[in-house]
Protein chains: 2
Amino acid sequence: MAFCYDYPHPAVTADVVVFTIREERLAVLLIQRAQAPYAHHWALPGGFIEPNENLEQGALRELFEETGLANVYLEQLYTFGKPDRDPRERIISVAYIALAPIERLAPMAASDATAAGWFDLNELPPLAFDHQDMIHLAHQRLRAKLDYSTLAFHLLEATFTFGELQQVYELIRGTAIDKRNFRKLMRGLNWLEETGKTRRVGQHKPAKLYRLTASTPLNPIR
Amino acid sequence: MAFCYDYPHPAVTADVVVFTIREERLAVLLIQRAQAPYAHHWALPGGFIEPNENLEQGALRELFEETGLANVYLEQLYTFGKPDRDPRERIISVAYIALAPIERLAPMAASDATAAGWFDLNELPPLAFDHQDMIHLAHQRLRAKLDYSTLAFHLLEATFTFGELQQVYELIRGTAIDKRNFRKLMRGLNWLEETGKTRRVGQHKPAKLYRLTASTPLNPIR
DNA sequence: ACAAAAGTGTTCTCGATACACCCATGC
DNA sequence: GCATGGGTGTATCGAGAACACTTTTGT
């Protein structure tokens, strides 16, 4: 009880909704809680902010400690602060959205901290606290920003095929997109350039690999 | 020093960027600080969250206590948490946007707490803390949401003329809008209905008064 | 009569959508 | 040769932008 104040202070945490594309589905990263409250329930990675780190750093640190993930794109989502959202004490949580291609997330499997796992966004287990709300809001936000930002590219590696890119858009929007219209749209944005290389993946025509041009803003446009 | 914890807790505040239209300009409400830090500087209204209120309640309570304002539209903006943003202690601030027509804000003048005043958004005084950043972000957000939400209507009374409505849009966007295109756009949205009444204001043709239809979502659409 | 804001339609451009076939590859 | 995803163009529709004059009122 070494930390005392003149008036009550809440605890502040950062929780992270990490999205990736896994097996052709939008997936979210969850960890299994070891202790009460909500022992054995699944929850978002996250934890308490340290006195000398800013909120983003705290979110990234907790994410790394609990899941071994690093090197993800991070963006603030919303701050949840209902007085009773945690039964232990007043905890205010700053929620973040994180995005990364699954290929960059190999370390996760190696992490031996808590059990962690990817869950299809449409097949989530019961979740601790208000984490269900956080994921729902995160998905909404992701969909809304898809059309006027470069968010989708954070779910891909540095080079990618048009097919992969279109799949990201389709998975986030939840609807199919016409191939020709999609390519025309992307051409119009002038965000992409050919790398000159191709990738062969199945028993069919190799696909050209693209990358973002140097001038494309990789942070959200609005 | 009655409130003690096992590990350090930050303080949490809510700060509110209140916009209104005043004398044909977008204006922000500021209060003058009495004490250090930043004594005599202008700052956003706001203050510490109480243990048993949620964040929105705290924002509204502080706004009322410091300025006498109530009955405003409120929406969360962003959470600011740099460790050194307040020199006294670690303070994390959840910033809110509030909107209200100036007519509803008469009580403010009567408030005798701290000095409070409206400032033209383009003529802000030096501000305490990172409140400059908050206002800037709030303005950006307001502009961005203008086109796909009913935010603008919170700056008007329940009935209003087309001219007043267009002025709100022009002030937030910062550009002129063609009258005929604007009316066509609004007609297309089906948000408005005539009240049957008119308002005469100068020595010219009286303007029809409109209101939002009952089915128009007054909370943000996205 | 005139000053001042209210009110009203048409044209054009561009972005969004709908839609079908050939190509390169591995088996 | 066939299955598989890669790659390409045209026609249509609707939203958004440009643009000027008449109406009603008070003085």
Side-chain angles (χ1 to χ4, degrees), chain A residues 21 23-25 143-150 152 156-157 159-211 221-222, chain B residues 21 23-25 143-150 152 156-157 159-211 221-222:
Chain A
I21 308 276
E23 296 170 6
E24 326 245 304
R25 305 303 266 279
R143 240 179 302 159
K145 293 191 76 160
L146 191 63
D147 292 320
Y148 56 88
S149 76
T150 48
L156 295 168
E157 297 182 89
T159 68
F160 48 85
T161 67
F162 239 107
E164 290 165 347
L165 179 59
Q166 182 170 347
Q167 189 192 45
V168 172
Y169 274 77
E170 289 180 333
L171 286 174
I172 295 175
R173 304 202 343 179
T175 64
I177 306 174
D178 180 87
K179 217 195 308 186
R180 285 163 294 182
N181 292 340
F182 184 73
R183 289 169 111 96
K184 194 182 346 158
L185 174 71
M186 281 295 156
R187 231 177 289 132
L189 292 173
N190 264 3
W191 286 349
L192 301 185
E193 62 187 11
E194 301 189 6
T195 61
K197 304 189 175 166
T198 60
R199 173 187 296 164
R200 237 171 316 155
V201 57
Q203 52 187 31
H204 51 80
K205 186 171 174 177
K208 289 183 187 172
L209 284 169
Y210 293 82
R211 63 170 160 252
I221 289 174
R222 278 201 203 156
Chain B
I21 308 277
E23 296 170 6
E24 327 245 304
R25 304 303 266 279
R143 239 178 304 158
K145 292 191 79 162
L146 191 63
D147 291 321
Y148 57 87
S149 77
T150 48
L156 295 169
E157 297 181 89
T159 67
F160 47 85
T161 67
F162 240 107
E164 290 166 347
L165 179 59
Q166 182 171 344
Q167 189 192 46
V168 172
Y169 274 78
E170 289 180 333
L171 286 174
I172 295 175
R173 303 199 347 174
T175 64
I177 306 175
D178 180 87
K179 217 197 306 187
R180 286 163 293 184
N181 291 339
F182 184 72
R183 289 169 110 96
K184 193 178 352 151
L185 175 70
M186 282 294 156
R187 230 178 290 132
L189 292 174
N190 263 6
W191 286 349
L192 301 185
E193 62 187 9
E194 301 189 6
T195 61
K197 304 187 175 167
T198 60
R199 173 187 294 164
R200 237 173 315 153
V201 57
Q203 51 186 34
H204 52 80
K205 186 170 175 177
K208 289 184 187 173
L209 284 170
Y210 293 82
R211 62 170 160 253
I221 290 174
R222 276 200 204 158

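Note that these values count all heavy atoms, side chains included, but never hydrogens, waters or copies made by symmetry. Lettering of chains follows the sequences in order, A, B, ..., and the numbering in each one begins at 1. What you see is a predicted model; the values in this text were computed from it and never measured.
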Would you kindly give the [atom1]-to-[atom2] distance between [X] and [N], to the nearest whole Å?
X        : N      : atom1 : atom2 : value
B:Leu165 : C:dA5  : CG    : C1'   : 16 Å
B:Phe182 : D:dG16 : CZ    : P     : 12 Å
B:Glu170 : C:dA5  : CD    : C1'   : 13 Å
B:Phe160 : C:dA5  : CZ    : P     : 20 Å
B:Arg200 : D:dT23 : CZ    : C1'   : 15 Å
A:Gln166 : D:dG7  : CD    : P     : 11 Å
B:Arg199 : C:dG7  : CZ    : P     : 12 Å
A:Gln167 : D:dG6  : CD    : C1'   : 15 Å

- Taking everything shown except A:Arg200 itself, do over 12 heavy atoms lie less than 6.0 Å from its CZ? no
- Message: Surrounding CZ of A:Arg199 (heavy atoms of other residues, nucleotides or ligands, distance under 6.0 Å), is the total greater than 12?
- Response: yes
- Task: To the nearest 0.5 angstrom, please state how far the CD atom of B:Glu194 sits from the CG atom of B:Leu209.
- Result: 10.0 Å
- Task: With DNA chain D as reference, determine whether A:Gln203 or B:Lys205 sits nearer its 5' end, using the nearest nucleotide of each.
- Result: A:Gln203
- Query: Cation-pi between A:Arg183 and A:Phe162: NZ/CZ under 6.0 Å from ring centre and within 45° of the ring axis?
  - Reply: yes
- Task: Using heavy atoms to find the nearest nucleotide of DNA chain C for A:Lys184 and B:Gly163 separately, return the residue whose nucleotide is more 5′.
- Result: B:Gly163
- Upstream residue (5' side of DNA chain C) when B:Tyr210 and A:Asp178 are each assigned their closest nucleotide: B:Tyr210
- Message: Quick one: does any side-chain atom of B:Glu164 pair with a main-chain N or O of B:Thr161 as donor and acceptor, under 3.5 Å?
- Response: yes
- Message: So, does B:Arg183 get its side chain near the phosphate of C:dG7, meaning an N or O under 4.0 Å from OP1 or OP2?
- Response: yes
- Check whether any side-chain N or O of A:Arg180 sits under 4.0 Å from OP1 or OP2 of C:dA18, and answer yes or no. no
- Mind checking A:Lys179 for me? I need base, sugar-phosphate or nothing, with any heavy atom below 4.0 Å counting as a touch. base
- Output the single nucleotide from C:dG7, C:dT17, D:dT24 whose closest atom is nearest the side chain of A:Asn181. C:dT17
